[in-house]
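Following: one structure in structure tokens, then a few remarks.
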Amino acid sequence: VQLQASGGGLVQAGAALRLSCVVSGRDISLFNMAWFRQAPGKEREFVAAVRRGDTNTYYSNSVKGRFTMSRDMAKNTVHLQMNGLKPEDTAIYYCARKENRPITSAITLADTWTAWGQGTQVTVSS
């Protein structure tokens, strides 16, 4: 099973980007999915996640209200719609998956997630 992230780029503050993560090899409905990001010199940071069979989507406080995570089952893809981008959103964005359903308190931990895509760079200029 592979994860392929795309959609990053260089934008100005206030702009929008839509990231995509294509899951190949197995049906996306089998997985819990997440987005993380990592800025230079910083640890990998939780952005958003959705658990298998769940209608809730979890967001970090720093992106809540600006970012929206969604799943396209027909295309085996998860998206991260990012609106109102800020310079502090600059990072490499990674999608991740996990087969077993994580407990709520573990969703935000990078170690919870078992497989990662290669990342896509998002740069927001001021």
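Take Glu88 and apply the side chain to side chain donor-acceptor pair (under 3.5 Å) test, not counting sequence neighbours, and it matches no residue. Applying the side chain to side chain donor-acceptor pair (under 3.5 Å) criterion to Thr123, with sequence neighbours excluded, gives Gln121. Residues passing the ring-ring contact (aromatic ring centres under 6.0 Å, His included) test with Tyr59: none are found, sequence neighbours excluded. For Gln38, the side chain to side chain donor-acceptor pair (under 3.5 Å) test picks out Arg44, with sequence neighbours left out. Evaluation of the side chain to side chain contact (heavy atoms under 4.5 Å, CB included) rule for Ala13 yields Pro87, Val124 as partners, not counting sequence neighbours. Evaluation of the side chain to side chain contact (heavy atoms under 4.5 Å, CB included) rule for Ser6 yields Ser20 as partners, not counting sequence neighbours. Applying the salt bridge (charged side-chain N to carboxylate O under 4.0 Å, His left out) criterion to Arg51, with sequence neighbours excluded, gives Asp54. By the side chain to side chain donor-acceptor pair (under 3.5 Å) test, Glu99 pairs with Arg26, sequence neighbours left out.
Interatomic distance, NZ of Lys86 versus OG of Ser126, reported as 13.5 Å (0.5 Å rounding). Here the straight-line distance linking atom OG1 of Thr57 with atom CH2 of Trp35 works out to 13.5 Å at 0.5 Å rounding. Here the straight-line distance linking atom CZ of Arg37 with atom OG of Ser60 works out to 6.0 Å at 0.5 Å rounding. Within the model, atoms CE of Met82 and CZ of Arg18 stand 11.5 Å from one another, a figure rounded to the nearest 0.5 Å. The line from CG of Leu17 to CG of Leu10 is 9.0 Å long, rounded to the nearest 0.5 Å. Between Ser70 atom OG and Gln81 atom CD the span is 8.0 Å, to the nearest 0.5 Å.
For Ala16 against Asn83, the heavy-atom pair with the smallest separation is CB-OD1, 3.4 Å. Closest approach of Ser62 to Glu45, counting heavy atoms only: OG-OE2, 3.8 Å.
Not one N or O on the side chain of Asp27 forms a donor-acceptor pair closer than 3.5 Å with the backbone of Asn76. A donor-acceptor pair under 3.5 Å links the side-chain atoms of Gln118 to the main chain of Ala5, judged by distance alone. At distances below 3.5 Å, at least one donor-acceptor pair connects side-chain atoms of Thr114 with backbone N or O atoms of Arg97.
Among residues at least two apart or in separate chains, salt bridge (charged side-chain N to carboxylate O under 4.0 Å, His left out) pairs with a member in residues 58-75 are Arg66-Asp89. Sorted pairs that involve residues 104-126 and meet salt bridge (charged side-chain N to carboxylate O under 4.0 Å, His left out), not counting sequence neighbours, are lacking altogether.
Put simply, the side chain of Met33 reaches to within 4.5 Å of the side chain of Val23, judged on heavy atoms. Between Asn32 and Thr112, the closest side-chain pair of non-hydrogen atoms is not below 4.5 Å.
Other cluster members for Leu109: none, since no ILVMFWY side-chain heavy atom sits under 4.5 Å from it. Hydrophobic clustering, defined by side-chain heavy atoms of Ile, Leu, Val, Met, Phe, Trp and Tyr closer than 4.5 Å, groups Phe46 together with Phe36, Tyr58, Ile92, Tyr94, Ile107, Trp113, Trp116.
Val22 and Met73 fall into different hydrophobic clusters, where Ile, Leu, Val, Met, Phe, Trp and Tyr residues are linked whenever their side-chain heavy atoms come under 4.5 Å apart, directly or through other members.
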Next item on the list: Test Phe67 against Leu85 for side chain to side chain contact (heavy atoms under 4.5 Å, CB included), laying out the working first.
Entry: CA-CA 9 Å; Phe67 290 12; Leu85 284 162; 3.9 Å; yes

